[in-house]
Structure formats: C-alpha cells, structure tokens
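Have a look at the structure below before the remarks.
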Amino acid sequence: MNRPFDITYIWKSVPEILSGLGVTLQFLIGTIVIGGILGFLATWARLSGPKWLRAIVHSYIWIIRCTPSIVMMFLVFYGLPELLLGVFDIDINSWNRLYFVIIALSLLFSAPCSEIMRSAYLAVAKVQREAALSIGLTEAQAFRRIVLPQALVSALPNLGNSFILLMKEGALAYTIGIVDIMGKGQLIIARNFGGYSIETYIALAAIYWLLTLAIEKAFKLAEDKLSAGKQPLRAA
Amino acid sequence: MTIDLAYVQEILFLVLKGIPTTLRLTFIPLLIALPFAFLIAVARQRNIKILARVSQIYVSFIRGTPLIVQILVMYSLFPSLLNVLVRSQGLDYDVFGINPIYYAYIVFTLNTIAILSEVFRSALETVDKRQLEAALSIGLLPVQAYSRIVIPQALVAATPNLCNSTVNLLKSTSLAFLMSVQDITAIAKTEAAFGYNYLESYLVIFIVYIVLCSLVQVFFQLLEQRLSLYKRGRTVTKKTVMEPEYYEDVRKERYHAGIEEYS
Amino acid sequence: ETTSEATSSSAAETVEVTTVTVAHTQSSAPMNYVDENGESTGYEVSVLKAIDELLPQYEFEYVPTSDEDLLIGIESGKYDVGTKGAWYTEERAQKFIFPENYIGASSIGVLIRSEDAAEITDLESFAAAGKSLVPISPNNAQYNVIQAFNDEHPDTPIELTAADVFEIADAYTWLLEGRYDGYFAVKTAYEVNVLAEGAPYSQYKDDFSYFVYEALPTWPLFNKEQQELADAYDEAFLQLEEDGTIDDLMIEFLGENTFQYVKE
Amino acid sequence: MRMYERSDTMLELRNIHKKFGELEVLKGVDIAVEKGDIVVILGPSGSGKTTLLRCINFLERADEGSLHFDEIQTDFSKASKKDINAVRKKSAFVFQNYGLFDNKTVLDNVTEGLIIGRKVPKKEAIETAIRALEKVGLSDRVAYYPSQLSGGQQQRVGIARALAVNPDVILFDEPTSALDPELVGEVLQVIRKLAEEGTTMVVVTHEMTFAKEVANRVIFMDQGVIVEEGPPEDIFGNPKEARTREFLQRILVRV
Amino acid sequence: MRMYERSDTMLELRNIHKKFGELEVLKGVDIAVEKGDIVVILGPSGSGKTTLLRCINFLERADEGSLHFDEIQTDFSKASKKDINAVRKKSAFVFQNYGLFDNKTVLDNVTEGLIIGRKVPKKEAIETAIRALEKVGLSDRVAYYPSQLSGGQQQRVGIARALAVNPDVILFDEPTSALDPELVGEVLQVIRKLAEEGTTMVVVTHEMTFAKEVANRVIFMDQGVIVEEGPPEDIFGNPKEARTREFLQRILVRV
Ligand SMILES: Nc1ncnc2c1ncn2[C@@H]1O[C@H](COP(=O)(O)OP(=O)(O)OP(=O)(O)O)[C@@H](O)[C@H]1O
Ligand SMILES: Nc1ncnc2c1ncn2[C@@H]1O[C@H](COP(=O)(O)OP(=O)(O)OP(=O)(O)O)[C@@H](O)[C@H]1O
Ligand SMILES: [Mg+2]
Ligand SMILES: [Mg+2]
C-alpha cells in the first residue's frame with residue numbers, strides 16, 4: 001500500500017489534543033453529576049412516586065430516549081434561552097456554551113441512567129429490604145445501606161458503558177463550537193487539509209483508550225468492593 | 001424563525017425511504033452481536049482464563065476508541081488492505097465495489113458486542129448462584145441450565161439496558177453517512193443542504209426517530225413485563241388456582257382413559 | 001458620508017459601536033478554521049476582519065462553530081452573520097440576506113491520476129470516460145457543482161455519492177489504488193498535501209495531475225434583520241477589492257486569485 | 001409451665017384480613033399478647049402463619065383490621081409512615097428464610113440495626129453484637145459473609161440480629177428449622193431468658209417440644225383462621241377442636 | 001427396621017477433602033452406600049453435611065478423594081464433564097434452601113428436569129409431575145410461582161421436583177425443616193416407599209424421629225469427619241463415641 005505514514009506525527013499532535021482534556025473532563029463530570037441526580041430522581045419517582053408523577057416521569061424517559069443527541073443539543077441551545085427569557089425573563093444567552101452542552105448531555109444521560117438504576121434496584125431480592133426494615137432501619141436507611149450497594153453491583157457495568165459513551169460525546173459539543181479532545185483532533189486535521197489524519201486519529205484513539213482504561217479500573221475497584229459476599233454464578 | 005410545514009412534509013416522504021436502511025443498520029448488528037456478547041459476558045463472569053482476558057481487552061478497546069476512528073479504519077484502511085491481499089492472491093475481485101453498508105455492519109456489530117457484553121455481564125450478576133445449581137442437580141446440562149433458568153432470569157434485569165443500547169444504536173446509525181450509507185439522517189441532511197432547511201430536517205429526523213424508538217421501547221417494555229411475571233407473581237385468580245389449562249387437560253384425559261385414580 | 005467617517009479614525013468616538021457576532025465554520029481550511037492558538041482565521045474570516053477595520057460602528061466577534069449551528073444560529077438571530085463557504089440558491093435567499101458581493105470563490109478542481117491526464121482535461125471528458133468521484137458532502141459547494149453539471153449533461157452524468165465526509169487525506173490513496181478516479185480537491189489542499197516540500201504525499205507527486213473546473217462564488221450569510229450590516233459589508237468589500245487587500249488574502253490563503261475561475 | 005407477671009397488652013390484632021389476588025389467606029384473625037408473653041403459633045403448612053407475622057410488621061399490608069402495639073393504635077388500611085416506623089423500631093423479625101444481608105459480614109449484619117437504626121455508638125454496638133452472637137454460638141464467624149455459612153449458622157445470625165436490637169417484641173418465624181437438636185435447646189434457653197427480662201415474643205414453629213417447653217400460650221391456626229388457643233397444657237393435653245386433635249394426633253403418635 | 005435386598009454398591013466416596021480458603025471443612029470422609037439404602041447423616045450445625053452432599057453432586061469440587069457412582073468411577077481432581085453430567089443425570093438434590101426456579105411455576109419447576117433434562121414427552125412429564133406433587137400434597141398450587149408459596153410449600157415442591165425425575169440416588173438436605181409434623185410424616189412415607197422401589201437416598205436431617213424411623217444406616221459427622229456410623233438402633237441405642245453420646249443426650253432428654 002502506498003499510504004504515507006509519519007509515526008512521529010502521533011507524538012507531535014498529542015500536546016494540542018491534550019489541551020482539550022479540560023473541556024472533556026468538565027462536561028463528563030458535570031453531566032455525570034447532574035444527569036446522575038436527574039436519573040436518580042426519575043428512578044425514585046418511577047418506583048415509588050404517586051401515580052401521576054410516575055406517568056410523567058415515564059413519558060419523560062420515553063421521549064428523551066427517542067431524541068437524537070443533535071436535536072437535543074439544538075433544543076437546549078436555542079429553545080432553552082427562549083423559554084427562560086419568555087417565561088421567567090432570565091437571559092442565559094451569554095452563558096458559557098459548555099453549560100449548554102452539559103445541560104443537553106445531562107438530559108440525554110438521565111433517561112438511560114434511570115433505566116439502569118431501575119433494573120438494578122428491581123434485581124435485589126425483596127427480602128433484603130424487608131430484613132433491613134425489620135431491624136428498625138428507615139426506608140431511606142434500608143435503601144442506602146442494604147439495597148443500594150447490592151444494586152450497584154449490577155448497575156456498575158452498565159454505568160461504565162454509559163460513562164465511556166458519554167466521554168466520547170465530544171462530537172456533540174463540537175456542533176456548537178466547544179472543542180474537547182476530539183474537537184482538537186479535528187481542528188488539527190482540518191488545518192492540515194486532511195493530511196496526517198491517521199496519525200492524528202491514532203493519537204486521539206490512544207488518549208481515549210487511556211481514559212477508558214482509567215474509568216474501567218475505577219469501576220473494577222468499585223465492583224470488587226461492592227460485590228463482597230456475593231457468590232459469582234459459576235458452575236461447579 | 002418559522003418552520004415551513006409543506007417542506008417538512010416533503011422531506012418526511014423522502015426520509016421514509018431511508019427507514020429500511022436505518023432498521024437494517026440497527027437490527028442486523030444487534031442480532032449478530034447478541035450471541036457473541038453473551039459468550040463474552042459468560043467468559044468474563046466465569047473468569048475463563050485466556051478468553052476472559054482477551055475479551056476484556058477487546059471490550060475496553062472497542063468502547064474506548066471513538067467510533068469515527070473505527071469508521072476510518074474500517075471504511076478507509078480496511079478495503080485498501082483487502083485489495084492488496086486479493087491482488088497478491090492473483091484474484092480478480094473488485095474489493096472497492098463492495099457496498100459500504102457492510103463496513104457499517106461490521107463497525108456497529110463490533111461496538112454492539114462490546115456494549116452488550118457488559119449489559120449481559122451485569123445481568124448475570126443478578127442471578128442467584130443457587131438457581132444454576134438447582135438446574136444442574138435435576139440433570140440439565142450447563143447449556144440447558146443457562147438457557148432455561150439463568151438467562152430468563154438475567155434477562156429481566158437486562159431488558160431495560162438492552163432497550164437503552166438498542167435505542168442508542170438506532171440513533172448512532174446515522175454515523176453510517178460517513179461511509180456514504182443513505183440512512184434517514186443522510187437523506188434529511190442532503191435535502192437540507194440545498195435550501196439550508198436544517199430546522200425542518202431535524203424536525204423530520206426527530207419525528208421519525210420518535211416513531212422508531214417508540215416501537216423499540218414498546219417491544220422491550222412488553223418483554224420486560226412478560227419476563228418479570230414471576231417476580232410480581234401474577235395475580236392469583238380462582239381460575240389460575242383451580243383450573244390451569246394444562247392441568248385440566250391432563251386430568252380430563254386421564255378421566256376418559258378410565259385411569260382417574262386421584263379425584 | 002459614512003465611508004469617510006469610517007475611514008477617518010478621528011470620528012470613531014462619535015459613533016455608537018454595535019457588537020456583531022460572526023459565526024464561521026471551524027474546520028474548513030483554507031476558507032475558515034481555527035489555528036493552533038485557537039484564533040479564528042482562514043480566507044473568509046480574514047476578509048471579514050479587514051472589513052471590521054473599515055467599519056468603526058461595528059465590532060466583530062468571531063464564533064467558530066459547525067455548519068448546522070451556524071445556519072440555525074443566523075436564521076434565529078443568535079449570530080448576525082456567518083461564513084461557511086456558502087453558495088447561492090433561491091431557497092437560501094429566502095432565509096438569509098445574501099449581500100451584493102460574494103466574499104470569495106471556492107475553486108473546484110479535480111485531482112486525477114497522471115496516467116489519465118492525457119484523456120481527461122475537464123469535467124466533460126471525465127464524465128465521458130465514465131470515471132468515478134470520491135464521495136462529497138452535500139454541505140459542500142462541490143456537491144452543487146456536480147449536480148448542476150449533471151443537470152446540463154443528462155446523457156453523461158457523473159455518478160454522485162453523498163457522504164458526511166470527514167476531512168481525511170485518504171482520498172489521495174484511494175486514487176492511487178484505483179478505488180476512485182477523481183477527487184474534488186481544493187487547490188490549496190492539493191498543494192499542501194502533495195506538492196509542497198515534505199508534504200505527506202510528496203513522493204507521489206508525479207502520480208497526480210490536477211485541473212481546475214471552475215470557481216463557485218461563496219457568500220457570507222446575514223440574518224434577515226441585518227440589511228444595514230449587509231450594506232455596510234458591501235461597501236467595505238468593494239473598497240478592499242480596490243485597494244488589493246482581497247487579492248493579497250487570496251494569495252495568502254488560496255495561492256491564487258480564484259475569482260478568475262468564476263463563470264458568470 | 002411458667003407464669004410471668006403481666007402488666008398489660010403489648011400487642012393486639014383485631015379482625016385481620018389479607019388476600020393475595022382472589023386467595024384469602026387470613027380470614028379475620030384476632031390475637032392479643034401481653035407483655036412478656038411467649039405466644040407460639042402452630043398450624044399446617046400454608047395456613048397463613050408467616051403472612052400473619054408479616055402483617056404485624058407491615059411487611060405485608062393487611063386489607064382490613066386494626067393493630068394495637070404498645071402505645072400505637074392504628075388501622076391497617078390507614079396506618080401512617082410514622083406508625084409503621086414506630087412499630088418496626090420496637091420489634092424485630094426472624095425470617096423463615098434467614099434474610100441476612102448478603103453484602104455484609106456476620107458482624108455487620110448484627111450491628112447494622114444498632115449503629116444505623118438506633119444510633120448506638122460503634123464500639124458499644126460491636127460489643128452488643130458479639131454478645132448476641134455468643135449466645136447463639138457464632139462468635140467465631142464474625143468476619144464471614146452469609147454465603148459462606150451453613151444453613152444453621154445463617155439461621156443463628158438471623159436470631160442474633162434480632163436479639164441485638166433489644167426490641168420489645170420479637171417475631172420468630174420458625175427460628176429453629178435448620179438447627180440441630182443441641183442448638184434448638186440453646187435457642188430455647190435464650191428465648192426463655194429474654195421472656196424473663198420482659199421481651200414479648202411471637203413464635204411460629206413446627207417443633208412441638210419447643211412449643212410445649214417455651215410457650216405460655218399456644219395458638220393453632222388453619223386455613224387463615226384461629227381454630228383454637230389456650231395454655232399449652234390445654235392445647236396439647238386436651239384439645240377441644242377436632243382439627244387440633246387431628247393435627248396433634250399424628251405428631252404424638254410419632255414422637 | 002427394614003432390610004432391603006442389597007445388590008451392590010451404588011455410591012462410594014473415599015477420602016474426601018474440601019477446603020474453603022484455609023478452612024478445612026471435610027477432612028477425609030469415606031462413605032459407601034448400597035442400592036436401596038437410606039443413609040441418614042446427623043451432625044451439629046456447620047459440621048460439613050451440606051458440603052458433603054454438594055461434593056457428591058459436583059456442585060462443589062472436592063479437593064481430593066474419589067467417587068464411585070453406579071458405573072462411574074472417578075477422582076474428584078480429574079472428573080470429566082461427561083462424568084459430572086452422568087452423575088447429575090442419575091441423581092437429584094433436595095436443597096436446604098429449596099432452590100426452586102424463581103421464573104417457573106410449580107408445575108414447570110417439576111417438569112423441567114423431565115422435559116428438558118430427560119427428553120420425556122410433555123404430556124407424560126406433566127402427568128408425572130402432577131403425581132409427584134400430589135404425593136407432597138401440592139396439586140392445588142401448580143400454577144403458582146415460588147414467590148407466592150409458603151416456606152413449607154416451597155420445600156415440598158423441591159421434594160416433588162427431585163422425585164419426579166425418578167433418579168437412582170436422591171440427596172436430601174434437611175428435607176423437612178420447614179414442614180409441620182403432619183407433613184413430615186407424609187414425606188417419611190414417601191421416602192420409605194421410594195426405598196422399597198429401589199431408590200438410594202442420603203438424607204441430612206436434624207429430625208431424630210425421622211432418622212430413627214427411616215434410616216437403615218446412620219452416620220454421625222462432626223467437624224468434617226465421620227465420628228461414628230452404624231444401624232440406627234446401635235447409634236441411638238448404644239453409641240460408642242463420647243461425642244455422639246453427648247450430641248444425642250441433649251435430644252433424648254428433650255424428646
Ligand atoms: N405473594 C403471594 N401471592 C399469592 N399467594 C401467596 C403469596 N404469599 C403467600 N401466599 C399463599 O398464602 C398462603 C399462606 O402462606 P404463609 O406463608 O402465610 O403460610 P405459612 O403458614 O407460613 O406456611 P409454612 O408453614 O409452610 O411456612 C399459602 O397458601 C401461600 O400459597
Ligand atoms: N463458601 C464457603 N466459604 C467459606 N466457608 C464455607 C463456605 N461454605 C461453607 N463454609 C463453612 O463450612 C462449614 C460447613 O458447612 P456446611 O454447610 O457443610 O455445614 P452443615 O453441616 O450443612 O451445617 P447445617 O446443619 O448448619 O446446615 C461451615 O462452618 C461453613 O462456615
Ligand atoms: Mg411460613
Ligand atoms: Mg447444611
């Protein structure tokens with residue numbers, strides 16, 4: 001194959017790509033926190049809220065899951081300021097664009113996140129909660145101390161999937177001009193008129209993979225810690 | 001800013017033609033991925049030495065690298081490589097004539113396998129070990145024990161996450177346009193480019209995805225209800241207690257055969 | 001007169017300064033892009049910067065963004081003006097104000113293998129030879145050019161494949177290995193990737209040959225409310241064309257003045 | 001047979017009804033238990049004993065009926081969150097299936113209700129827990145997880161967990177089903193001692209010996225109703241109802 | 001005490017060792033069971049009874065020792081998949097914790113091993129299943145899921161499930177722990193009848209009456225070793241070992 005390849009360029013592009021890391025981490029963490037809280041509230045409402053609230057939350061999750069991310073991005077970037085201005089007379093047009101990215105991603109993340117939590121919660125044996133209540137723990141305590149840690153064991157791999165997907169959502173930020181590591185890579189390639197694209201993408205992939213390995217490592221530790229006392233499904 | 005409804009209608013009709021492609025791009029990779037993902041999940045769960053290790057690296061690599069990079073490799077580099085191979089074998093096969101949708105299938109399948117393997121792994125965590133043991137003890141083979149007892153129970157916890165993944169996949173198939181595959185997003189974008197009717201195009205895309213994703217969600221919701229019947233315990237009615245059909249059938253036949261020994 | 005006011009800096013403080021948000025695409029070098037330092041640049045952006053200097057009543061602020069956001073943003077008024085190498089269509093003219101003067105011209109040339117150079121010299125001969133083109137993004141002016149060509153030559157159309165092209169130099173390889181026969185390349189890109197000293201494909205420079213088909217004029221797009229701004233642009237643009245700034249910028253970013261290839 | 005000083009009613013249920021779908025499992029059950037009483041509930045499999053205990057602790061919501069628990073007086077259909085929590089704080093449940101916390105060690109299983117539920121300081125809670133575990137002969141298994149225990153060991157952790165929180169009322173659901181006779185005797189001692197200290201207990205059991213030796217009142221249930229109740233010597237010695245006689249006959253023949 | 005015709009050894013274990021981490025739970029156990037035998041294993045909680053049964057069925061892999069099961073002869077460290085499957089096909093296990101399939105109704109729990117494991121036609125399987133369920137008094141619960149059953153009902157489904165597959169050897173782990181005395185008697189009848197038909201059974205139980213009435217050999221285990229074994233009249237009437245005497249004493253005092 002007559003494809004030019006300049007291995008040193010991989011190295012050369014790394015510093016500039018890394019200058020986008022701050023943005024990536026900001027929207028990743030921001031979304032995990034806000035989207036996670038939203039998802040948690042949605043789960044709670046769906047499992048033990050009053051009927052009307054359950055219906056609302058169910059539709060919310062339903063619609064969000066149907067929404068393509070680019071559509072959500074534009075709804076938030078254009079619709080939300082209009083809405084806030086029209087209804088509450090609050091002007092958020094001057095906000096840092098990163099906030100819009102975080103809001104859009106949080107909404108998108110909250111729905112699958114809530115489904116992950118719901119399925120994990122339902123998978124914990126009923127008697128675990130009952131036993132906790134019977135020794136005088138309140139519902140909240142029973143949930144936090146007994147049910148949640150067990151539910152997390154089965155939620156973690158799915159949350160891991162979601163976090164990693166989220167981290168790679170830079171393309172979405174790029175559409176409104178927020179440049180994360182992926183965006184940096186694309187800027188470099190554009191400046192080179194497409195030259196050294198493979199080298200640049202290799203650098204990008206390596207950086208993403210390293211970040212993924214870090215996330216996976218953290219999840220593995222959490223999983224090992226939380227699954228204490230659990231007997232893995234292994235045939236004798 | 002106004003939305004041109006007539007134009008929305010026009011694009012909608014054009015976009016409908018892309019639905020089969022979008023569905024193919026979703027369900028073919030999904031169906032191929034299911035068994036592989038499950039095998040990886042089992043291998044990792046049961047810690048089967050080399051297999052578990054290799055799958056772990058695979059999952060991490062595929063999840064960890066941007067889809068666009070995988071598309072670059074699969075769509076841009078892979079055919080060139082294949083071409084060199086075919087040539088070196090002296091074959092006369094037109095590698096570049098291959099419909100790029102196949103590369104799209106490969107990329108999406110590889111990704112779906114990685115994602116679903118984690119979904120299944122977590123689902124298997126929810127099944128009590130004793131369920132497997134009980135199945136083995138009445139003489140089911142491990143394969144049967146998994147398929148009849150463990151998997152149905154694991155699927156209850158897996159369904160909402162399978163739904164998440166399917167819906168995500170459905171939406172991310174729009175990336176196939178990078179490989180010149182004409183799915184619904186591709187058609188809408190091409191239409192939009194001419195008159196810059198992006199608002200209308202995105203509205204149409206939104207509508208179509210709402211319909212498609214809703215169908216997927218309905219399917220998985222019904223599936224979850226069906227699979228978790230045993231957990232909620234279906235409401236006991238007089239009928240289910242007194243005369244479940246199969247039981248009645250057997251009783252009747254016994255009666256007619258004159259061997260009704262139990263009344 | 002406004003022009004004299006604008007040029008004389010002494011009058012500047014008497015004018016109320018309006019901030020104008022200028023959107024531009026971030027990855028369409030050489031027309032619009034973001035440099036190593038995160039600064040907006042490119043041919044079109046540079047022209048607008050020069051225009052800003054001529055207009056004391058306006059202060060331009062640049063926002064690099066994507067094609068989609070740029071269009072929706074200008075239409076909704078989030079951005080006052082935007083530039084993305086947009087070409088003119090009737091439909092677009094209903095949504096945006098196109099000024100009198102186009103800002104640049106995107107030269108459309110086709111890169112082919114040298115072995116075909118004898119046979120192919122223009123699009124007509126390319127089409128007649130039944131050659132295939134590397135897929136083009138429908139967002140790109142080139143897409144429109146081929147569509148127009150096909151409309152004019154219904155008997156020998158060029159097969160046109162749309163793809164959401166991501167900017168990669170692989171098209172050069174594709175030509176070499178015979179996957180496609182022609183690549184619609186901006187001349188600058190060809191120069192940077194093939195002709196220049198130490199360019200990634202310089203070792204194959206004899207394998208390629210390039211012909212220019214035409215240049216398609218590109219316009220900045222103004223929000224429907226910004227007629228006044230558009231007028232100010234037109235005036236300033238003519239001035240820049242006159243004093244040679246445009247020509248300088250063309251040479252700087254595109255290597256040549258592409259207006260010469262614009263067909264009327 | 002012992003008689004403990006009786007102050008007043010600790011626990012009283014009136015007219016409990018509970019349906020699962022169409023199946024009526026409890027058909028109007030009344031029970032009154034005095035402070036310090038050990039009430040044993042006997043009855044064939046599926047007669048509603050577990051369901052009754054679960055209703056007392058609001059793990060199952062009875063469809064009808066009223067509950068009086070110490071100062072708490074409420075209707076099952078109306079019971080507020082506050083009432084429910086108060087009842088649970090004052091009682092403990094030993095589950096038929098042990099119901100240990102799978103993600104906690106033996107020690108943590110026992111201290112959980114103390115440290116979290118009752119805000120006992122950690123050190124004190126551990127001491128109490130170890131004392132409770134010693135009573136059931138398990139102080140050498142504190143660091144094990146439930147999945148690493150034998151059936152009998154798990155059952156004993158369940159008992160220790162209930163004892164440790166020192167509740168006013170303990171509800172035992174077949175607390176000795178997985179225990180060998182040696183241990184049954186030991187648990188019996190523990191229960192007697194608790195009663196002497198004033199703890200009220202309701203025990204569902206199939207062990208007749210256990211019932212005879214420990215109860216000061218025996219209730220015989222069948223098909224969701226109380227067939228007969230009274231002091232053990234009456235129930236075992238001179239049952240009035242035919243159903244009770246029939247049930248006891250088979251046992252007495254065998255033992 | 002019955003003596004059944006004895007053909008030859010059905011099940012033989014030699015020198016079984018099993019460790020969990022550092023804890024040696026089985027320390028060299030030897031057992032030989034003839035066809036049609038009912039062997040009862042007694043022993044205090046945690047002595048390794050369940051672990052021993054689990055090893056026989058390969059639910060736990062013993063670290064050392066050999067197994068002879070009908071024609072199968074293998075070493076635990078070497079046993080092939082084929083051996084393991086063969087052993088499981090010929091045996092059934094009644095779990096201390098019932099171990100019902102949560103996702104299957106009572107009827108399906110019982111037919112599963114027949115239809116899937118043994119390829120019995122569906123109709124025939126249902127008939128067999130219903131007969132097995134009738135034996136344990138549960139034919140009116142065929143359409144229930146395990147979560148809708150009382151403890152005793154679950155245990156009986158577990159027994160019916162094992163009976164239905166008509167295995168050569170049944171391993172019972174405390175099969176009557178959740179049953180009332182009436183039902184214990186019935187299960188005892190069932191087991192006796194099976195033995196007469198030639199089924200070999202190993203029963204772990206804490207019910208001494210059960211042991212006395214049904215066993216033709218009793219094994220007393222403690223701390224991972226067999227302390228004493230023999231016919232029930234010897235073990236109960238005239239135990240040789242001090243540990244056995246001590247264990248039995250406490251029971252005999254109480255019963
Ligand atoms: N969730 C449920 N849905 C339907 N029926 C149920 C449910 N829970 C219990 N039952 C039925 O209620 C009846 C009483 O059950 P319960 O557990 O109270 O019996 P029990 O007296 O404790 O029996 P055992 O001695 O066998 O434990 C049983 O027939 C059982 O099938
Ligand atoms: N997975 C495990 N990890 C560590 N220790 C274990 C594990 N399983 C069992 N044990 C230990 O092995 C010992 C024997 O357990 P086993 O279940 O065989 O006892 P058992 O004789 O059946 O007792 P019981 O009558 O109480 O059921 C117990 O002390 C228990 O703590
Ligand atoms: Mg019960
Ligand atoms: Mg045991």
Side-chain angles (χ1 to χ4, degrees), chain A residues 44-45 47-51 53-54 116-117 119-159 219-236, chain D residues 53-54 56-60 81-82 84-106 108-120 129 132 143-149 157-158 160-173:
Chain A
W44 172 79
L47 289 172
S48 55
K51 229 183 181 138
L53 187 62
R54 260 186 263 180
I116 290 171
M117 294 180 185
S119 66
Y121 175 85
L122 292 177
V124 178
K126 241 173 56 186
V127 70
Q128 297 288 320
R129 171 181 154 267
E130 292 173 350
L133 296 178
S134 80
I135 53 164
L137 269 57
T138 62
E139 288 278 1
Q141 289 169 332
F143 175 75
R144 211 178 57 240
R145 310 266 320 166
I146 307 299
V147 179
L148 183 65
Q150 294 184 52
L152 270 180
V153 176
S154 65
L156 280 177
N158 293 308
L159 287 176
F219 271 81
K220 177 87 174 59
L221 289 177
E223 224 180 297
D224 285 351
K225 190 161 178 334
L226 286 168
S227 54
K230 205 172 151 60
Q231 287 215 303
L233 190 68
R234 260 170 228 167
Chain D
L53 288 197
R54 286 171 61 85
I56 298 178
N57 218 15
F58 288 96
L59 295 176
E60 213 78 68
K81 270 219 173 96
K82 223 179 110 242
I84 296 177
N85 281 338
V87 167
R88 286 183 183 151
K89 272 267 183 320
K90 284 166 181 276
S91 62
F93 200 110
V94 178
F95 291 82
Q96 188 167 10
N97 271 315
Y98 327 143
L100 300 185
F101 306 133
D102 294 338
N103 60 331
K104 303 224 170 258
T105 61
V106 166
D108 291 343
N109 258 281
V110 183
T111 56
E112 192 69 17
L114 294 166
I115 299 176
I116 307 303
R118 282 166 180 74
K119 311 282 175 241
V120 176
Y144 277 57
Y145 284 100
S147 62
Q148 301 172 311
L149 297 180
V157 176
R161 184 172 67 180
L163 301 184
V165 294
N166 192 27
D168 296 337
V169 176
I170 308 183
L171 309 167
F172 289 97
D173 197 0

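Within every chain, numbering begins at 1; the chains are lettered A, B, ... in the order of the sequence lines, protein sequences first and strands thereafter.
The distance from atom CD of A:Gln141 to atom CD1 of D:Ile116, rounded to the nearest 0.5 Å, is 6.5 Å. Residue D:Ser91 holds its OG atom at 11.0 Å from CD1 of A:Ile135, rounded to the nearest 0.5 Å. Atom NZ in D:Lys89 sits 12.0 Å away from atom OG in A:Ser134 (nearest 0.5 Å). Here the NZ atom belonging to A:Lys225 is positioned 10.5 Å from the CG atom belonging to D:Asn103, to the nearest 0.5 angstrom.
Between A:Leu137 and D:Gly113, the shortest heavy-atom distance links the atoms CD1-CA, 3.8 Å. Pairing each heavy atom of A:Ala131 with each of D:Gly99, the nearest pair is CB-O, 3.1 Å. Across A:Gly229 and D:Ser147, no two heavy atoms sit closer than the pair O-OG, 3.1 Å.
When each of D:Leu114, D:Leu59, D:Val165 is scored by its heavy-atom pairs under 4.5 Å with chain A, the top score falls to D:Leu59.
Look at D:Lys81 and A:Glu139 and you find no salt bridge, because none of the NZ, NE, NH1 or NH2 atoms lies under 4.0 Å from a carboxylate O.
Put simply, the side chain of D:Glu112 never gets that close to the backbone of A:Ala132: no donor and acceptor are under 3.5 Å apart.
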- [ ] Please assess A:Glu130 against D:Phe95 for the test side chain to side chain contact (heavy atoms under 4.5 Å, CB included), listing each intermediate value before the final yes or no.
- [x] CA-CA 10 Å; A:Glu130 292 173 350; D:Phe95 291 82; 4.2 Å; yes
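In the displayed structure, D:Lys119 atom NZ is contacted under 6.0 Å by more than 12 heavy atoms of other residues, nucleotides or ligands.
Contacts from residues 119-126 of chain A to chain D, taken as heavy-atom pairs separated by less than 4.5 Å, involve no residues at all.
The contact between D:Leu100 and chain A is made entirely by backbone atoms, counting heavy-atom distances below 4.5 Å. If you measure heavy-atom distances from D:Phe101 to chain A, the contacts under 4.5 Å come from both the backbone and the side chain. Of the atoms belonging to D:Arg118, it is side-chain heavy atoms, and not backbone ones, that fall under 4.5 Å from chain A. In this structure, chain A has a heavy atom under 4.5 Å from the side chain of D:Lys104, while its backbone stays farther away. For D:Asp102, the parts lying near chain A are the backbone and the side chain together; criterion is any non-hydrogen pair under 4.5 Å.
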